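Comments concern the structure below.
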2 protein chains.
Amino acid sequence: MFTIKEIPKISEAEWSIMKVLWEKSPLTSTEIIQALKEVTSWSPKTIHTLISRLVKKEAIGEKKESRLKSFFPLVTEEECKSTETKSFLKKVYSGSLQMFIANFVKDEKLSQNEIEELKDILDGKKDS
Amino acid sequence: MFTIKEIPKISEAEWSIMKVLWEKSPLTSTEIIQALKEVTSWSPKTIHTLISRLVKKEAIGEKKESRLKSFFPLVTEEECKSTETKSFLKKVYSGSLQMFIANFVKDEKLSQNEIEELKDILDGKKDS
DNA sequence: AATACAATACTACACATGTAGTCCAAAGTT
DNA sequence: AACTTTGGACTACATGTGTAGTATTGTATT
């Protein structure tokens, strides 16, 4: 039997941790704290708390090979992005990517350049 | 002096109320409850609570002309969508629409038709 | 070995959110 | 007029989140 993996809800602050671990893993808490030092001003204690919560949610796993625990993602970045995107589109744009893009073009005033770039991305020529 | 309007944070459930009021306003709480009956299964009490919270956040206003209060948005749909979109892009895609679209194309497997439609939208031919 | 430091575990605490329930007063119903 | 219903104010309560602090214990240092 397979257990279907639920994508846990990852809060704003927790996303920062996940990003670090998706970038490189496994990492010890100290390493995570180091990496985040450049991006946030959280106390190490706060980061420890966030890590524990992610472990509890089973978004990341821990292993203890040496005497230090290290942590690694249990969910992929793609899964999380996809889940997050769907819930955002549902909440704000009735689930419609079209509506999202249309509004974005209208309200955020994309430049012609950006529009061309996006069209290229849509065509799969996604260098830029 | 102008007071700069802060866009308050609007929770998932509160968005449902806002959508109703953006659609048509002012409405009394009873009318809001009616409108939401078709979409949710919330108790009227729950809806009253959500309405009060939105008033407190100054996302909606209230006026009492007849004996019943009626409610109306104080923030526009565009403002809220824009705020929400930015915070989503920041959290998940480092603020980059390009990255978002690229990932979406890759992971959500858009059909050729959808891609063409999006390109039309980007070009401003947004009937469809 | 004793001490200091640091990793992990456990606790704290206010505010947000989902989801209602209670109480009171005004309005409509019999 | 008494009774019922309902809007609105206030209260409730578990869980999530941001943001740490304390306690314990094993390791590193002198």
Side-chain angles (χ1 to χ4, degrees), chain A residues 6-21 26-37 39-72 80 83-84 87-88 90-92, chain B residues 6-21 26-37 39-72 80 83-84 87-88 90-92:
Chain A
E6 298 276 318
I7 306 295
K9 300 218 178 306
I10 295 171
S11 81
E12 175 108 24
E14 290 162 356
W15 263 85
S16 309
I17 313 266
M18 294 307 293
K19 280 180 182 166
V20 170
L21 288 176
L27 294 179
T28 66
S29 59
T30 312
E31 291 167 320
I32 296 174
I33 288 165
Q34 274 312 310
L36 285 173
K37 207 160 232 169
V39 190
T40 73
S41 52
W42 295 331
S43 128
K45 297 300 190 183
T46 300
I47 297 177
H48 280 300
T49 302
L50 293 172
I51 292 175
S52 311
R53 288 181 183 165
L54 284 169
V55 170
K56 189 155 164 211
K57 288 181 183 185
E58 298 182 282
I60 67 181
E62 55 186 359
K63 58 185 170 193
K64 188 168 180 160
E65 309 168 317
S66 66
R67 84 208 54 75
L68 294 191
K69 279 188 179 178
S70 49
F71 303 90
F72 51 91
C80 288
T83 300
E84 202 69 50
S87 104
F88 160 74
K90 172 155 171 273
K91 175 166 91 168
V92 182
Chain B
E6 297 277 316
I7 305 294
K9 298 215 180 310
I10 294 172
S11 79
E12 173 108 25
E14 290 163 355
W15 263 85
S16 308
I17 313 266
M18 294 307 292
K19 280 181 182 167
V20 169
L21 287 175
L27 294 179
T28 65
S29 58
T30 312
E31 291 169 318
I32 296 175
I33 288 164
Q34 273 312 309
L36 285 173
K37 208 159 233 173
V39 190
T40 73
S41 52
W42 295 332
S43 125
K45 294 303 188 181
T46 299
I47 297 176
H48 278 300
T49 301
L50 294 171
I51 291 175
S52 312
R53 287 182 183 165
L54 285 168
V55 170
K56 188 156 164 210
K57 289 181 182 183
E58 297 183 285
I60 66 180
E62 55 186 359
K63 58 186 169 189
K64 187 169 180 160
E65 309 168 317
S66 66
R67 45 171 242 85
L68 293 190
K69 280 188 176 177
S70 50
F71 303 90
F72 51 91
C80 288
T83 299
E84 201 70 48
S87 105
F88 160 73
K90 172 154 171 273
K91 175 168 90 169
V92 180

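Chain letters run A, B, ... following the sequence lines, proteins first, then strands; residues in each count from 1. We use all heavy atoms of the structure for the numbers below, so side chains are in, but hydrogens, waters and symmetry mates are not. Note that the structure is predicted; figures quoted are calculated from it, not measured.
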- For A:Pro26, enumerate each residue passing the side-chain contact (heavy atoms from CB on, under 4.5 Å) test, keeping only those at least two apart in sequence or located in another chain. A:Lys63, A:Ser70, A:Phe72
- Message: Taking any atom closer than 4.0 angstrom to a non-hydrogen atom of chain A, what span of DNA chain C does the protein reach, first nucleotide to last?
- Response: C:dA7 to C:dA12
- Query: Are OP1 or OP2 of D:dA9 and a side-chain N or O of B:Ser52 less than 4.0 angstrom apart?
  - Reply: no
- Message: Just the rounded figure in Å: distance from C1' of D:dT5 to CD1 of B:Ile33.
- Response: 13 Å
- Message: Quick one, B:Ser16 with B:Val39, criterion side chain to side chain contact (heavy atoms under 4.5 Å, CB included). Give me CA distance, side-chain angles, the key distance, then yes/no.
- Response: CA-CA 9 Å; B:Ser16 308; B:Val39 190; over 6 Å; no
Below 3.5 Å is the cut-off: list the nitrogen or oxygen pairs between protein and nucleotides 12-14 of chain D, distance only.
none

- Query: Which part of the nucleic acid, if any, lies within contact of B:Ile51, taking any heavy atom under 4.0 Å across all strands shown: a base, the sugar-phosphate backbone alone, or nothing?
  - Reply: nothing
- Message: The criterion is side-chain contact (heavy atoms from CB on, under 4.5 Å); which residues satisfy it with B:Glu31, sequence neighbours excluded?
- Response: B:Leu27, B:Thr28
- Note on the structure: Across all chains, not counting sequence neighbours, the salt bridge (charged side-chain N to carboxylate O under 4.0 Å, His left out) partners of A:Lys91 are B:Glu84
- Residues in side-chain contact (heavy atoms from CB on, under 4.5 Å) contact with B:Ala35, at least two apart in sequence or another chain: B:Val20
- Query: Taking only residues two or more places apart in sequence, or in another chain, which ones meet B:Glu62 in a side chain to side chain donor-acceptor pair (under 3.5 Å)?
  - Reply: B:Lys69
Atom pairs, N/O to N/O, protein against nucleotides 22-30 of chain D, distance under 3.5 Å?
residue	atom	partner	partner atom	Å
D:dT22	O4	A:Lys45	NZ	3.0

- Which whole-number value in Å describes the distance from A:Met18 CE to D:dT17 P? 14 Å
- Message: Whole angstroms only, please: what is the NZ-C1' distance between B:Lys63 and D:dG7?
- Response: 18 Å
- Query: Which sits closer to the 5' end of DNA chain D, B:Thr28 or A:Trp42, going by the nucleotide each is nearest to?
  - Reply: B:Thr28
- Report the residues that fulfil salt bridge (charged side-chain N to carboxylate O under 4.0 Å, His left out) with B:Lys19, sequence neighbours left out, ordered by chain and then residue number. none
- Between D:dT6 atom P and B:Ile32 atom CD1, what is the distance in whole Å? 17 Å
- Message: What's A:Lys57 touching, base or sugar-phosphate or nothing? Going by heavy atoms closer than 4.0 Å.
- Response: sugar-phosphate
- Sugar-phosphate only, base, or nothing, as touched by B:Thr46 at under 4.0 Å among non-hydrogen atoms: base
- Message: If the condition is ring-ring contact (aromatic ring centres under 6.0 Å, His included), which residues does A:Phe71 pass it with, not counting sequence neighbours?
- Response: none
- Item | Non-neighbouring partners of B:Lys45 that pass salt bridge (charged side-chain N to carboxylate O under 4.0 Å, His left out), sequence neighbours left out | none
- Message: Go through it in stages, so that I can follow the logic: the residues are A:Val92 and B:Phe88, the test is side chain to side chain contact (heavy atoms under 4.5 Å, CB included), and I'd like the CA-CA distance, side-chain angles, deciding distance and then a yes or no.
- Response: CA-CA 11 Å; A:Val92 182; B:Phe88 160 73; over 6 Å; no
- B:Thr83: partners by side-chain contact (heavy atoms from CB on, under 4.5 Å), with sequence neighbours left out: B:Ile7
- Item | Spacing between A:Lys9 atom NZ and D:dG18 atom P, to the nearest angstrom | 14 Å
- Query: Expressed in angstrom and rounded to an integer, what is the separation of B:Glu12 atom CD from D:dT17 atom P?
  - Reply: 13 Å
